Number of protein chains: 2
Amino acid sequence: MARAATTTDVFNAVAEPRRREIIGLLSDGREWAVNDVVVRVNLAQPAVSKHLGVLREVGVVTVVKRGQQRMYRLEAERLKPIYEWAKTYEKLWTGQISRIKQRAEQKAMDRIARENQSDENGTRGDK
Amino acid sequence: MARAATTTDVFNAVAEPRRREIIGLLSDGREWAVNDVVVRVNLAQPAVSKHLGVLREVGVVTVVKRGQQRMYRLEAERLKPIYEWAKTYEKLWTGQISRIKQRAEQKAMDRIARENQSDENGTRGDK
DNA sequence: ACAATGTATGTCGATATCGGAATATATGTC
DNA sequence: GACATATATTCCGATATCGACATACATTGT
């Protein structure tokens, strides 16, 4: 078995920097003709067509014919799986505390929480 | 030029499903020996070592020797770029405001397109 | 019908992958 | 030292990639 095809996954499709660049362009919500993209990206037209083809296969963009042009549009919700996946790990880096410290803190917190059972009633008397 | 190396990018490293699976395992914050991973994932040891090597090269995991074992640990903050990237597009699929706006724009586009050419499929039109 | 424009497709070369198998490199144990 | 365990490294075959280039296809205008 070899490397997975770029079209098997949103993850694989988006791994290519050029493709991310193109997604960035289309993120303005407008429809983009292939040539509009070619002008902005430093790539020849066939390369752009292929990248758009990959993005289309995984549903990240949709095409519609308009005259002799093909208008590509971003289907951003297809990126959601990536967002959700990464979001799963967000809690592991938020706060500047490292994970190890977090674990230590967690244990300390548990202990303190137990100890505080005796101190349940509001010593925080501001008011 | 060929496909980018899996070690060039967090995006590329994470494009591989097995690697994401391994990341999922390590997300409990503990240190994992290679064999611990081998037992959980349906892969031979060399394959696992290689995957861990890739993840290590991009900094997603770190290693530390302990006896004859190599303990791997997740460095979740290295996934942040992916989260941030995807987050940029979150607003495009959540919230009704952008959705409505997008819809309106799309309808305008469609109308313009229709005006520009009423002939989609070989039907000899007027003009 | 012909030319021009916009886009897709096919071929090619260089490169890298992924998993398996075999082997090498520690490290620990008797 | 001999041996077992844990892991890394190397070689292999099959497969895909990506960009360049050439070319085909499609649509529009004259």
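On a predicted model such as this, the values are computed, not experimentally measured, just so you know. The sequence lines fix the lettering, A, B, ..., with proteins before strands; numbering per chain opens at 1.
The CD atom of B/E57 sits 9 Å away from the P atom of C/dT17 (whole-angstrom rounding). In this structure, CD1 of B/I22 is placed 13 Å from C1' of C/dG19, rounded to the nearest angstrom. Rounded to whole angstrom, the span from the CZ atom of A/R66 across to the C1' atom of C/dG6 amounts to 13 Å. Across the protein-nucleic acid pair, B/L55 atom CG and C/dT17 atom C1' stand 15 Å apart, rounded to whole Å. Distance CZ (A/R3) to C1' (C/dG20): 19 Å, rounded to an integer number of Å. Rounding to whole angstrom units, CG of residue B/D9 and P of D/dT17 are separated by 18 Å. Following rounding to the nearest Å, A/R70 (CZ) and C/dA8 (C1') show an atom-to-atom distance of 7 Å. Between B/Q69 atom CD and D/dT5 atom C1' the separation is 10 Å, expressed in whole Å.
Residue A/T6 has its side chain nearest to D/dT17 when only D/dG19, D/dA8, D/dT17 are considered. Side chain of A/Q45, nearest nucleotide from C/dA8, D/dC18, D/dT7: C/dA8. Out of D/dA8, C/dG19, D/dG19, the shortest distance to the side chain of A/E16 is found at D/dG19.
Residues B/Y89 and A/I23 are in side-chain contact: their nearest non-hydrogen atoms beyond the backbone lie under 4.5 Å apart.
Side-chain to base pairing of A/Q68 with C/dT7: no donor and acceptor N or O lie closer than 3.5 Å to each other. Side chain B/K50 to base D/dT10: a donor-acceptor pair is found below 3.5 Å.
Of the residues near DNA chain C, A/A2 and A/S49, the one whose nearest nucleotide (by heavy atom distance) lies more toward the 5' end is A/S49. In this structure, A/V54 and B/W32 both approach DNA chain D, and ranking their closest nucleotides by distance from the 5' end singles out B/W32. Residues B/P46 and A/L43 each lie close to DNA chain D; by heavy-atom proximity, the contact nearer the 5' end of the strand is made by B/P46.
No side-chain donor-acceptor contact under 3.5 Å links B/E84 and B/T88.
Between A/N35 and C/dT5, a side-chain N or O to OP1/OP2 separation shorter than 4.0 Å is absent. Listed pair A/R19 / D/dC18 meets the phosphate criterion, a side-chain N or O lying under 4.0 Å from OP1 or OP2. Of the side-chain N and O atoms in B/K65, none sit less than 4.0 angstrom from OP1 or OP2 of C/dA26. At D/dA8, one or more side-chain N or O atoms of B/Y72 fall inside 4.0 Å of OP1 or OP2 (strictly under the cut-off). Phosphate proximity of C/dG19 to B/R18: present, with a side-chain N or O under 4.0 Å from OP1 or OP2.
Under the 6.0 Å distance and 45° angle rule, B/R20 counts as a cation-pi partner of A/F11.
One finds no salt bridge joining B/E21 and B/R19 here, because no Lys/Arg side-chain nitrogen approaches an Asp/Glu carboxylate oxygen to under 4.0 Å.
Checked by atom type and distance alone, the side chain of A/Q69 never pairs as donor or acceptor with a backbone atom of A/M71 at under 3.5 Å. Proximity of a side-chain donor or acceptor of B/N12 to a complementary backbone N or O of B/D9 within less than 3.5 Å is not detected.
If you check every strand for non-hydrogen atoms under 4.0 Å, A/A33 touches sugar and phosphate atoms only.
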